[in-house]
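This report refers to the structure that appears directly beneath it.
Fair warning: this is a prediction, and the values are worked out from it, not measured in the lab.
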Amino acid sequence: MESMFRLMDHEDSPTTSRCIWVNGPVIVGAGPSGLATAACLREQNVPFVVLERADCIASLWQKRTYDRLKLHLPKQFCQLPKMPFPKDFPEYPTKRQFIDYLESYASRFEVNPKFNECVQTARFDETSGLWRVKTVSNVESTRTEVEYICRWLVVATGENAERVMPEIEGLSEFTGEVVHACDYKSGEKFAGKKVLVVGCGNSGMEVSLDLANHVAKPSMVVRSSVHVMPREVMGKSTFELAMTMLKWLPLWLVDKLLLVLSWVVLGNIEKYGLKRPEMGPMELKSAKGKTPVLDIGALAKIRSGKIDVVPGIKRFNGNRVELVNREELDVDSVVLATGYRSNVPYWLQETEFFAKNGFPKTAVGTSGWKGRTGLYAVGFTRRGLSGASMDAVKIAQDIGSVWKLETTQPTKRSMGSLRRCISQQF
């Protein structure tokens, strides 16, 4: 149960304003990263408040993913702390199964986010030594503004908070349908249509595969080099194999071995317009956060001609698109598999820990999960769900150690602890 102190409440006007003291950290975001942090804090007996702008947990998974999506990695690399996946779940759980798992996780650890609360600003007040987090919610025609005051702030909005919309000449005048991958659900309605898929990452590849399976005619734009790897090698997860090798071998050698295995399983993919980067797949992931594409069938469709690979786009003209090689295509629809970005710079008023791109700067000894003045980040280390889980455990232990010290030694409490004494239980 969160502890908080309501300082003021104006309910007479259409806009109500409140100021709430939070007895513990405020966690912004109720996706897997926020849920994992909350669960670990619960295990440490530290109270918390989770703020979520959507009306459900894991809104990215529930509202902005396509129907056929499955976890790309084996489930043991995607489970959250303190609770494994059910044994009867397959090796690669479906979207629905993962959502069910997250809902069970939130229920088990009594994580009850405050939904429909969109954070407008968060800033550290130097005078009081506290964080001030302002939110706005609109429920039943009533606008509510709330300011949460807390000692610790955990940013859990993740790497994929906002869609990236590319600026392409003529796209706004395109006469057909244009959707971002986050709004794409199934290729069923595109049957028989010529669809241009912009982007060749895991989403672009999988959307193209789904379109081909629904008898659409997809053309996938491959503007730059990309690593395509088999999802499994001889029944063994490629990712798991890589992680095992990295325990004993240097990164460069692991990359060499992975590329050899990929060539054995997939053959020469460059003849299909898929040029590999000069940097190896694991080195590229480590250095730039660019994830290799794990093939689940798209490459076979490319070989058979059911998915066309085309170079970059120069411009759109009506329902036609001109490519950089001067080739022109007739297109009925466009799917923008152009990825996502962090939204942290839009609301967090802090520049020491977070960079302009919305990711934490390199933090020596903390791998980007801990800043100063009680600021933490979870799910930004580009290591997927397993990385977010590791961040969550460390953050909870870090906050929990201070919490336990102060609550077990009342005579040595700081001012921050004394503030908690005036809070009320709700």
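Between Tyr101 and Tyr105, the ring-plane angle classifies as tilted under the 30° and 60° cut-offs. Between Tyr66 and Tyr184, the ring-plane angle classifies as perpendicular under the 30° and 60° cut-offs. In this structure, Tyr376 and Trp369 have parallel ring planes: the angle between them is below the 30° cut-off, well short of the 60° mark.
Using a cut-off of 4.0 Å between Lys/Arg side-chain N and Asp/Glu carboxylate O, Arg231 and Glu206 are scored as not salt-bridged. Salt-bridge check for Glu159 with Arg382: failed, with every basic side-chain N at 4.0 Å or more from each acidic carboxylate O. Under a 4.0 Å N-O distance rule, the pair Arg132/Glu350 does not qualify as a salt bridge. Remark: Asp255 does not engage Lys285 in a salt bridge, criterion side-chain N to carboxylate O under 4.0 Å.
Val179 has its side chain within reach of Glu177: a pair of non-hydrogen atoms, C-beta onward, lies under 4.5 Å apart. Residues Leu249 and Leu257 form a side-chain contact, since some pair of their non-hydrogen atoms from C-beta on lies under 4.5 Å apart. Contact check for Leu71 versus Phe85: side-chain heavy atoms found under the 4.5 Å cut-off. No side-chain heavy atom of Asp295 sits under 4.5 Å from any side-chain heavy atom of Pro230.
More than 12 heavy atoms of other residues, nucleotides or ligands lie within 6.0 Å of CD in Gln349, so this atom counts as buried by the packing criterion. Counting non-hydrogen atoms of other residues, nucleotides and ligands closer than 6.0 Å to CD of Gln76 gives a total above 12. No more than 12 heavy atoms of other residues, nucleotides or ligands sit less than 6.0 Å from atom NZ of Lys134. Around the CZ atom of Arg223, the shell of radius 6.0 Å holds no more than 12 heavy atoms that belong to other residues, nucleotides or ligands. Within a 6.0 Å sphere centred on NZ of Lys256, other residues, nucleotides and ligands contribute 12 heavy atoms or fewer.
The distance from the CD atom of Gln120 to the CD atom of Glu147 is 12.5 Å, given to the nearest 0.5 Å. Separation of atoms CH2 (Trp152) and CG (Asp398) is listed at 9.5 Å; rounding is to 0.5 Å. The NZ atom of Lys271 sits 12.5 Å away from the CD1 atom of Ile302 when rounded to the nearest 0.5 Å. Here the straight-line distance linking atom CG of Leu258 with atom CG of Leu241 works out to 6.5 Å at 0.5 Å rounding. From Met83, atom CE reaches atom OG of Ser104 across 5.0 Å, with rounding to the nearest 0.5 Å.
Taking both residues in full, the closest heavy atoms of Gly187 and Asp210 are given as N-OD2, 2.9 Å, listed atom of the first, atom of the second, then distance.
Asp308 places no side-chain N or O within donor-acceptor distance of the main-chain N or O of Pro218, the cut-off being under 3.5 Å.
The cationic atom of Arg372 (NZ for Lys, CZ for Arg) does not lie both less than 6.0 Å from the six-membered ring centre of Phe124 and within 45° of the ring axis.
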Could you check Trp263 against Arg276 for side chain to side chain contact (heavy atoms under 4.5 Å, CB included), going step by step and ending with a plain yes or no?
-> CA-CA 11 Å; Trp263 187 88; Arg276 291 194 180 277; over 6 Å; no

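For the residue pair Lys70 / Gln97, no side-chain donor-acceptor distance below 3.5 Å is found, with atom types taken as modelled.
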